[in-house]
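Heads up, the thing below is written out as structure tokens.
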There are 4 protein chains.
Amino acid sequence: MRKRDREATKARLLEAARLRFAREGYDATSVRDIAGDAGVDAGLIFRYFGNKKRLFDEATADIPADLLDGPEEELVARMVRSVIFADWTRYGGEHPLVAMLRSSAHEDTRQRIREEVCTTYVSALENLAEGDDAELRAELLSAWLVGIGILRSVVATPALAKADLDDLAPHVAAVAAGLLGRPMSGTTDA
Amino acid sequence: MRKRDREATKARLLEAARLRFAREGYDATSVRDIAGDAGVDAGLIFRYFGNKKRLFDEATADIPADLLDGPEEELVARMVRSVIFADWTRYGGEHPLVAMLRSSAHEDTRQRIREEVCTTYVSALENLAEGDDAELRAELLSAWLVGIGILRSVVATPALAKADLDDLAPHVAAVAAGLLGRPMSGTTDA
Amino acid sequence: MRKRDREATKARLLEAARLRFAREGYDATSVRDIAGDAGVDAGLIFRYFGNKKRLFDEATADIPADLLDGPEEELVARMVRSVIFADWTRYGGEHPLVAMLRSSAHEDTRQRIREEVCTTYVSALENLAEGDDAELRAELLSAWLVGIGILRSVVATPALAKADLDDLAPHVAAVAAGLLGRPMSGTTDA
Amino acid sequence: MRKRDREATKARLLEAARLRFAREGYDATSVRDIAGDAGVDAGLIFRYFGNKKRLFDEATADIPADLLDGPEEELVARMVRSVIFADWTRYGGEHPLVAMLRSSAHEDTRQRIREEVCTTYVSALENLAEGDDAELRAELLSAWLVGIGILRSVVATPALAKADLDDLAPHVAAVAAGLLGRPMSGTTDA
DNA sequence: AATGAATGAGCTTTCATTCAT
DNA sequence: TATGAATGAAAGCTCATTCAT
């Protein structure tokens with residue numbers, strides 16, 4: 001029996017859910033796993049969140065988006081940092097989008113990923129792209145970010161897994177410039 | 001006659017397994033689904049393959065690799081074509097790697113994807129990259145391919161979903177050149 | 001004041017319990033339903049009544065019995081009126097006995113129905129029956145009343161569901177007379 | 001492990017289901033109870049019947065109706081015999097309709113009872129009733145049969161519980177004649 | 001060797017009930 | 001005392017897997 005503090009318990013359940021869902025995906029995670037991690041009874045999940053799906057939605061709902069704060073030419077660099085160097089401890093060390101891709105068997109989840117990718121990444125990049133087919137180029141750049149996230153944390157290829165932001169900087173600059181048609185910085189100030 | 005049937009049945013099971021696993025992922029696919037698709041009893045899966053996991057491994061083992069046939073400067077273009085335009089009917093229309101990522105909840109699968117990505121894509125690209133950190137650059141390019149495959153078929157972002165090879169050609173050339181440090185073609189002959 | 005509230009809350013819980021149990025039966029009614037209807041926390045049910053079963057017993061304990069007030073020859077007519085035309089709003093519009101039959105899965109409840117039927121209906125009718133096997137005839141008449149209640153409100157057969165007391169009057173007189181061996185009225189004064 | 005005979009197992013499950021549902025009602029019966037009674041695993045219920053509700057429907061579907069075979073004036077007597085003296089061992093010793101009333105919390109079941117009562121009892125009796133409001137009188141007689149069944153086996157009132165067909169014969173004749181407006185026999189040949 | 005009946009563990013979810021505050 | 005957080009035992013149902021025939 002726990003601290004009998006509703007908000008704290010909800011928070012612990014969300015925390016545990018985030019980690020499990022991120023690491024193992026929706027189907028491979030049972031509500032008992034999550035409740036066990038949180039140290040409470042599984043029944044509380046249903047009392048507090050209604051059902052497993054809603055817990056998932058709530059647990060993966062808080063993708064932060066402060067990407068727009070800062071100089072335009074550093075946007076891509078900020079995105080790379082966000083995708084692979086930010087502290088996503090709560091999502092098992094991975095970017096939430098990469099984590100959610102684990103659960104992409106369900107169309108619902110795919111739709112949420114799509115919206116997230118489009119509103120957060122593609123639309124921001126689209127504004128920077130010169131010329132026509134800006135949307136396509138923005139998506140191609142987003143694809144790169146997603147691919148980097150996956151290769152680094154899901155697949156764990158050797159070089160990417162141990163690279164740091166400085167290692168990536170020149171390549172970020174090169175690819176971003178090539179796709180957006182304008183010079184971009186590979187590093188960030190922060 | 002007996003042997004024939006056995007082999008034919010195994011083949012049908014593998015075929016069905018490939019499609020189901022690709023489209024719905026490992027967890028969301030039941031052995032009964034697969035057996036049903038193949039028109040045989042589920043018991044045969046255990047007789048022939050031992051268990052579900054081994055069926056999965058066998059079903060996803062045949063990623064073909066004729067990528068090296070052809071001019072070097074078209075390698076990346078061939079890879080893009082392979083990732084998103086080849087006829088992966090047997091894998092539900094997606095590249096096998098993308099399909100396998102659906103089932104990446106299990107470390108086993110991740111390992112297999114890693115091996116595949118490294119031996120087939122990274123190593124081939126590494127040979128083309130000039131200068132040091134060739135491996136990292138090869139991985140970054142592989143990441144792009146993987147990301148494109150995912151955004152196109154899993155996430156289905158609008159522009160990528162309807163792009164064809166010609167739309168991508170100039171961007172392929174630009175990015176590949178930027179990362180590999182040498183001029184690359186965006187199209188293929190074939 | 002404290003006591004007042006406690007009593008008022010108990011009363012509201014009993015009220016809500018009566019309706020739910022009557023309409024949906026014991027098993028299909030949850031203590032949270034009842035507490036919700038009464039606007040209080042479910043815990044109070046256990047504080048006040050001990051457990052669900054005792055709440056049920058208490059909620060269904062007050063079957064009124066003013067059937068004996070009035071002329072003897074109108075007794076059966078009064079019973080019919082009581083069974084199907086009285087205002088059993090508190091029991092979901094049905095006679096409490098019919099409502100309790102919904103919960104007759106438990107022997108306890110059956111016993112309580114038996115006592116109620118025997119003390120309230122059978123014994124009153126037995127006094128009116130001429131000749132021997134008076135008890136049997138009284139029970140047969142009680143059976144009719146129960147059957148009418150059930151067909152009317154549980155099963156909802158078409159003719160009975162829309163009949164009023166006048167439609168039934170001649171048949172009540174005929175059957176009562178046939179079973180009791182003496183002339184009975186089919187209508188009541190009230 | 002049992003005899004590995006699908007039909008025999010299905011039959012045993014239906015048998016066990018009939019008894020449990022009849023005695024305890026739908027809600028109070030668990031699929032594990034039924035499977036336990038039948039000596040097999042509960043999973044088979046879902047394999048063979050789909051779900052609990054369909055098992056219930058199938059288990060209670062076989063209400064026989066040979067009531068029309070025989071002389072018209074003995075119809076009511078045959079019905080009484082059917083309701084309370086036939087060997088309903090498979091339904092826990094009660095007439096299936098009475099047994100189904102235990103599960104009348106669900107509108108589905110009520111509807112099935114209504115149809116059964118109307119097509120089997122009311123319509124047969126309606127043909128015998130003279131004059132107008134024949135339907136109402138047929139329903140009133142059906143109500144009596146239902147009431148008798150309930151008082152005898154659910155409530156178990158003393159006189160009815162130990163009566164035999166001969167004890168009831170004169171009363172059957174009297175009530176049937178009173179409601180149908182024509183002489184009826186209280187006994188049957190068979 | 002092949003079929004499909006049977007199994008049992010585990011899933012999400014509900015519910016009566018307890019107990020800390 | 002009263003609130004509501006927490007619990008644990010079931011419930012219906014699915015699934016990979018085994019094994020008699």
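Convention: sequence-line order gives letters A, B, ...; per-chain numbering from 1.
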request  = Write down the distance between CZ (Phe49(A)) and P (dT12(E)), rounded to a whole number of angstrom.
outcome  = 15 Å

query = Asp41(A) side chain: which of dA16(E), dG8(F), dA16(F) is closest?
reply = dG8(F)

task = Rounded off to whole Å, could you give me the CG-to-P distance for the Asp27(C) and dA10(F) pair?
result = 15 Å

ask   = Per the atom types in the model, does the base of dG4(E) pair as donor or acceptor with the side chain of Arg6(D) at under 3.5 Å?
value = no

key: 5' precedence on DNA chain E between Asn51(C) and Gly43(A) (nearest-nucleotide basis)   = Gly43(A)

ask   = Atom CD1 of Ile45(D) to atom P of dG12(F): distance rounded to whole Å?
value = 9 Å

Distance under 6.0 Å and angle within 45° of ring axis: Lys10(A) vs Phe49(A) = yes

task = Using a 4.5 Å cut-off on heavy atoms from C-beta on, say whether the side chain of Arg102(B) contacts that of Val154(B).
result = yes

message = On the side chain of Arg4(A), is there an atom forming a donor-acceptor pair with the base of dA6(F) - under 3.5 Å, no angle test?
response = no

query = Can you find a donor-acceptor pair, distance only, under 3.5 Å between Arg32(C) side chain and dT14(E) base?
reply = no

task = Identify, between Val40(C) and Tyr26(D), the residue whose nearest nucleotide on DNA chain F lies closer to the 5' end.
result = Val40(C)

ask   = Which whole-number value in Å describes the distance from Leu13(D) CG to dT7(E) P?
value = 10 Å

request  = Just say parallel, tilted or perpendicular for the rings of Tyr26(A) and Phe21(A), cut-offs at 30° and 60°.
outcome  = parallel

ask   = Rounded to the nearest Å, what distance is computed from the NZ atom of residue Lys52(D) to the C1' atom of nucleotide dA11(F)?
value = 8 Å

key: Lys/Arg-Asp/Glu bridge criterion (N-O < 4.0 Å) met for Lys53(A), Asp57(A)   = yes

query = Rounded to the nearest Å, what distance is computed from the CZ atom of residue Phe46(B) to the C1' atom of nucleotide dC15(F)?
reply = 9 Å

task = Tell me which of Ala42(D) and Thr29(C) sits closer to the 5' end of DNA chain E, going by the nucleotide each one is nearest to.
result = Ala42(D)

ask   = Tell me, do Leu101(A) and Leu101(B) make a side-chain contact under 4.5 Å, heavy atoms counted?
value = no

Pair partner, dG4(E) [Watson-Crick or wobble, under 3.5 Å] = dC19(F)

message = Tell me the interatomic distance from Glu7(C), atom CD, to dA2(F), atom C1', rounded to whole angstroms.
response = 15 Å

ask   = To the nearest Å, how far apart are Asp33(C) CG and dT17(E) P?
value = 14 Å

First of Leu44(A) and Lys53(B) reached from the 5' end of DNA chain F, by closest nucleotide = Leu44(A)

message = Under 4.0 Å, heavy atoms only, any strand: does Tyr48(D) hit a base, just the sugar-phosphate, or nothing?
response = sugar-phosphate

message = Taking the minimum atom-to-atom distance to the side chain of Ser30(A), which one of dT7(F), dG12(F), dT12(E) wins?
response = dT12(E)

